[in-house]
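Here's the structure we're looking at; comments come further down.
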2 protein chains.
Amino acid sequence: MYSLLYVRIAREVVDLTARARIRDAAIECFAQSGFGASFRTIAAHAEVSPGLITHHFGSKEALREECDAEVLRRYRDIKTNAVDAPSAHLLTELTQPTSSPTILVYLIRAVGAGGPGARRFLDRLTDDMRDVMARGVESGLVRPSRDEEARLRYLTYQTMGALLVQFLVTSPATPDEFVATLGDAGSDVILPILELATEGYLADRSILDDYVRFLAEPHDDQGASAS
Amino acid sequence: MYSLLYVRIAREVVDLTARARIRDAAIECFAQSGFGASFRTIAAHAEVSPGLITHHFGSKEALREECDAEVLRRYRDIKTNAVDAPSAHLLTELTQPTSSPTILVYLIRAVGAGGPGARRFLDRLTDDMRDVMARGVESGLVRPSRDEEARLRYLTYQTMGALLVQFLVTSPATPDEFVATLGDAGSDVILPILELATEGYLADRSILDDYVRFLAEPHDDQGASAS
DNA sequence: CAACAGGCTATACACGCGACCAGTCCGCGA
DNA sequence: TCGCGGACTGGTCGCGTGTATAGCCTGTTG
């Protein structure tokens with residue numbers, strides 16, 4: 001019994017157990033070539049046979065879920081370890097090569113894949129953003145919103161969406177190439193981001209004020225919606 | 001000779017020629033189920049045999065390109081026909097069910113597919129946005145930017161990205177269902193959009209001002225970058 | 001009337017995928 | 001020492017894809 005434990009510990013230290021190696025290889029392959037990466041590719045990358053993946057995970061979907069969980073875990077680690085750098089907003093933080101390019105690209109691909117998985121990732125991202133924004137509002141750095149949750153969600157969608165689109169049009173060969181692209185085009189993208197963040201782009205307040213006034217009016221479609 | 005002409009005209013009026021029917025069916029299927037839609041599905045939708053698609057278009061990529069061109073053409077038509085409604089920004093216009101849901105979803109899917117095709121679509125969208133923004137700046141409705149092109153590009157990426165993400169997490173069964181979803185969640189999304197557009201979310205100008213001052217400083221990495 | 005041309009169909013092919021399974025090897029436990 | 005169980009392998013299967021091709025069927029032409 002304890003010898004089995006020994007083996008497990010030893011393999012975790014020196015080189016991981018085959019199961020973990022497959023998982024890590026899958027994460028890398030998914031980030032590299034999308035979730036269409038074949039078992040054979042992953043197996044070759046993990047230096048195991050294709051059949052072993054099925055043996056350990058049963059199906060591709062199960063493997064995908066385990067990879068998702070692992071990436072989410074690592075992402076949280078990166079976030080909590082980077083609290084010392086109080087960046088103003090999410091994108092600045094994500095753009096930093098601090099977080100592993102593989103994780104960033106996996107996030108983007110997970111969102112890009114859509115479905116419930118994408119929703120889970122976005123919820124997690126929203127959670128992290130929520131803390132940042134709350135602290136920002138408290139410190140007076142960011143304006144309070146009339147609907148904090150809605151603003152949070154849309155900001156997340158917007159930010160991740162811009163990142164996703166940038167990724168899609170670049171179609172980089174490797175995650176590192178993508179973050180390099182971000183750095184290259186950085187001077188072109190940071191200025192509009194900051195401009196839009198501090199000034200917006202509408203010079204006329206009337207549209208917003210009209211809409212707020214419209215929302216303040218009583219509506220009748222709420223009570224009768226269920227019937 | 002004229003009888004052949006007659007046939008052509010008649011089919012264009014009553015029902016289109018098989019080639020056009022395939023193209024339209026492909027556009028609809030691509031919007032409905034993505035570009036992975038099979039020849040068989042498209043053929044069934046166009047009421048022809050799968051082989052006929054190959055016969056007319058040669059390959060799937062060629063079919064795709066023809067669909068892209070057609071959608072872009074129709075999109076431009078929709079845009080030019082809707083000049084009478086001077087909407088402030090793109091998303092308001094796109095959200096309207098004025099433009100056919102199929103076209104909107106095809107746009108989103110084309111961007112989501114990535115690659116050079118996505119770039120073409122985004123460039124076209126940027127072009128349209130450029131006119132709107134220029135007119136807005138002229139009329140004093142929107143603030144001028146320190147870098148109009150960069151703002152334009154990022155705004156397009158942001159807007160389309162948010163739309164794309166929304167589409168991906170909803171994973172609607174049909175284009176109509178998607179625009180319906182937009183309408184349902186509209187009250188949750190319009191407010192943050194307007195807020196962010198007119199006020200931004202940063203209360204402190206210092207970050208932007210610092211960056212602008214930083215850009216004004218002379219840089220040495222430009223001349224030595226090539227070596 | 002007969003022959004032809006082309007739109008159109010049905011079938012067949014090659015390929016890559018995930019899933020599955022019989023068999024091998026190694027190490028722990030009795 | 002023997003035997004058992006799980007890690008692991010390589011090959012095979014069915015499926016669905018895009019592509020290629022041989023043949024039918026209709027309308028036109030000499």
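Quick note on labels: first sequence line is chain A, next is B, and so on, each numbered from 1.
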Checklist entry - Parallel, tilted or perpendicular: which describes the rings of A:Tyr106 and A:Phe30, with under 30° parallel and over 60° perpendicular? => result tilted
Checklist outcome for this item: To the nearest angstrom, the CD-P distance between B:Glu47 and C:dT9 comes to 10 Å
Item to check | Test: B:Glu149 and B:Arg153 ion pair at under 4.0 Å | outcome: no
Checklist entry - Got a salt bridge between A:Asp77 and A:Arg74, using NZ or NE/NH1/NH2 to carboxylate O under 4.0 Å? => result no
Next on the checklist: Looking at B:Ser145, is its backbone amide N or carbonyl O close enough to the side chain of B:Glu148 to form a donor-acceptor pair, meaning the two atoms are under 3.5 Å apart?
Outcome noted: yes
Item to check | Listed once per pair and sorted, the side-chain hydrogen bond (donor to acceptor under 3.5 Å, both in side chains) pairs that draw on residues 33-46 of chain A, sequence neighbours left out | outcome: A:Ser38-A:Thr41
Checklist entry - Are B:Asp128 and B:Tyr75 side-chain neighbours, meaning at least one heavy-atom pair lies under 4.5 Å? => result yes
Item to check | Sub-4.5 Å side-chain heavy-atom contact between A:Glu61 and A:Glu65 | outcome: yes
Checklist entry - Could you give the CD1-to-C1' distance, from B:Ile53 to C:dT9, as a whole number of Å? => result 12 Å
Checklist entry - How many Å lie between CZ on B:Phe35 and C1' on D:dT17, as a whole number? => result 18 Å
Item to check | Position toward the 5' end of DNA chain C (nearest nucleotide), A:Gly36 or B:His55 | outcome: B:His55
Next on the checklist: Can you confirm if the NZ or CZ of A:Arg19 lies within 45° of the ring axis of A:Phe57 and under 6.0 Å from the centre of its six-membered ring?
Outcome noted: yes
Next on the checklist: Nearest whole Å is fine: how far is C:dA19 P from A:Ile42 CD1?
Outcome noted: 11 Å
Item to check | Between the first and last five pairs of the helix from C:dC1-D:dG30 to C:dA30-D:dT1, the angle of the axes, rounded to 10 degrees | outcome: 30°
Item to check | B:Ser38 side-chain proximity, nearest of D:dG18, C:dC17, C:dT9 | outcome: D:dG18
Checklist entry - Hey, does A:Ala37 reach any base, or is it just sugar-phosphate, or nothing, if we go heavy atoms under 4.0 Å? => result sugar-phosphate
Item to check | Quiz item: cation-pi between A:Arg64 and A:Phe35, 6.0 Å / 45° | outcome: yes
Checklist entry - In whole angstroms, how far is the C1' atom of D:dG6 from the CZ atom of A:Arg19? => result 14 Å
Please write out each protein N/O paired with an N/O of nucleotides 19-24 of chain D under 3.5 Å, distance rounded to 0.1 Å.
from   : atom 1 : to      : atom 2 : distance (Å)
D:dT19 : OP2    : B:Lys60 : N      : 3.3

Next on the checklist: Please tell me if A:His56 has a side-chain N or O lying less than 4.0 Å from either OP1 or OP2 of D:dG6.
Outcome noted: no
